[in-house]
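Working notes, structure below.
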Amino acid sequence: SIALALLQVYAEELVKHPDDENLRKPFFLFIDEPELCLHPLGQKNLLNALFELSRVNQIFLATHSPYFLISEHLRKVGLFVFKKTDDVEIIKLTTGGGALPWSPTWGEVNYYAFNLPTVEFHNELYGFLQEISEKWTLPEFDRFLHDRGLENSKTWTRENRGVVGQTFDVPLPTFIRNKIHHPENVTMQEVRYSDEEFRTSIQLMISIIQDMTI
């Protein structure tokens, strides 16, 4: 906090115009990974302080910190996700620009920046699709997915308190959703999904959302 206070004083001096005190020179602050060596609470406090400083100065941050990226402050700023392929590809995610109304989320950033599917992002997409489809039971929602081109490519066996129940054919997103939400199902514990299936499931749901919201 002391360093930021000094930085703010320094910034205020730098922006003063030498000939007219009513004029201000532009000031840009670039910080690379400011979260390094900071406790998570310290990172959150630092981000709050930087946003205070950004009221009158423009600040650019390069970060890998989830504590920065899950901040509600991101609804008010521009976020660029840099993904390295053969060349550098820049994807801009802002409010209304991602797959979800509350984008960007940490799971979404992980998916686009690092091609890393996460349980959090899968849950967000599945839940949002249930909301906009208004299909709240799994059979209804599976029919909704089937109507949008998803095949019942997996099977799921229900289990209630150790008692094996009925087996159903289900779409890939529902199978993965069930695996996430029912780790206690002993019958299905040895039946796993691959990383590629995880990515495919997420991409299928993103495509459906995009088709429905265009």
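Fair warning: this is a prediction, and the values are worked out from it, not measured in the lab.
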CZ/Arg158: more than 12 non-hydrogen atoms of other groups inside 6.0 Å:
no
What pair of heavy atoms forms the shortest contact from Asn152 to His146, and how long is it?
ND2-CD2, 4.5 Å
Check each of Glu35, Lys44, Gln43 against Ser65 using the side chain to side chain donor-acceptor pair (under 3.5 Å) test, and report the only one that passes.
Gln43
Is the number of heavy atoms from other residues, nucleotides or ligands within 6.0 Å of OH (Tyr193) greater than 12?
yes
For Glu151, look at atom CD and say whether over 12 heavy atoms of other residues, nucleotides or ligands are found less than 6.0 Å away.
no
Step by step, would you call Leu61 with Leu47 a side-chain contact (heavy atoms from CB on, under 4.5 Å)?
CA-CA 10 Å; Leu61 299 180; Leu47 185 62; 4.1 Å; yes
After noting the C-alpha distance and the side-chain angles of Phe121 and Ile202, does the key distance pass the side-chain contact (heavy atoms from CB on, under 4.5 Å) rule?
CA-CA 8 Å; Phe121 193 34; Ile202 286 175; 3.7 Å; yes
What's the shortest heavy-atom distance between Arg199 and Pro117, and which atoms?
CG-CG, 3.7 Å
Within this structure, what is the CG-CD distance for the pair Leu125 and Glu120, rounded to the nearest 0.5 Å?
11.5 Å
Counting only heavy atoms not in His64, do more than 12 sit closer than 6.0 Å to its NE2 atom?
no
Kindly give the heavy-atom pair with the smallest separation between Ile209 and Ala99, and that separation in Å.
CG2-O, 3.3 Å
Decide whether Thr200 and Gln203 meet the rule of one side-chain donor and one side-chain acceptor closer than 3.5 Å.
no
Please examine the side chains of Asp142 and Pro139, heavy atoms only from C-beta on, and report whether any two atoms are closer than 4.5 Å.
no
Ring geometry between Trp156 and Phe175 (parallel below 30°, tilted from 30 to 60°, perpendicular above 60°):
perpendicular
Answer with yes or no whether the hydrophobic clustering places Leu150 together with Ile180; edges join I, L, V, M, F, W, Y residues whose side-chain heavy atoms lie under 4.5 Å apart.
yes
Closest heavy-atom contact between Ser201 and Ile176?
CB-CD1, 3.6 Å
Can you give me the closest heavy-atom contact between Arg177 and His182, atom names plus distance?
NH1-NE2, 3.9 Å
Whether the Thr174 and Tyr126 side chains hold a donor-acceptor pair (N or O, under 3.5 Å, no angle test) is what I'd like checked.
yes
Is there a chain of hydrophobic side chains (I, L, V, M, F, W, Y, each step under 4.5 Å between heavy atoms) that links Phe128 to Phe198?
yes
Is any side-chain heavy atom of Glu197 closer than 4.5 Å to one of Lys154?
yes
Where Thr157 and Asn185 come nearest, the two heavy atoms and their spacing:
O-ND2, 2.9 Å
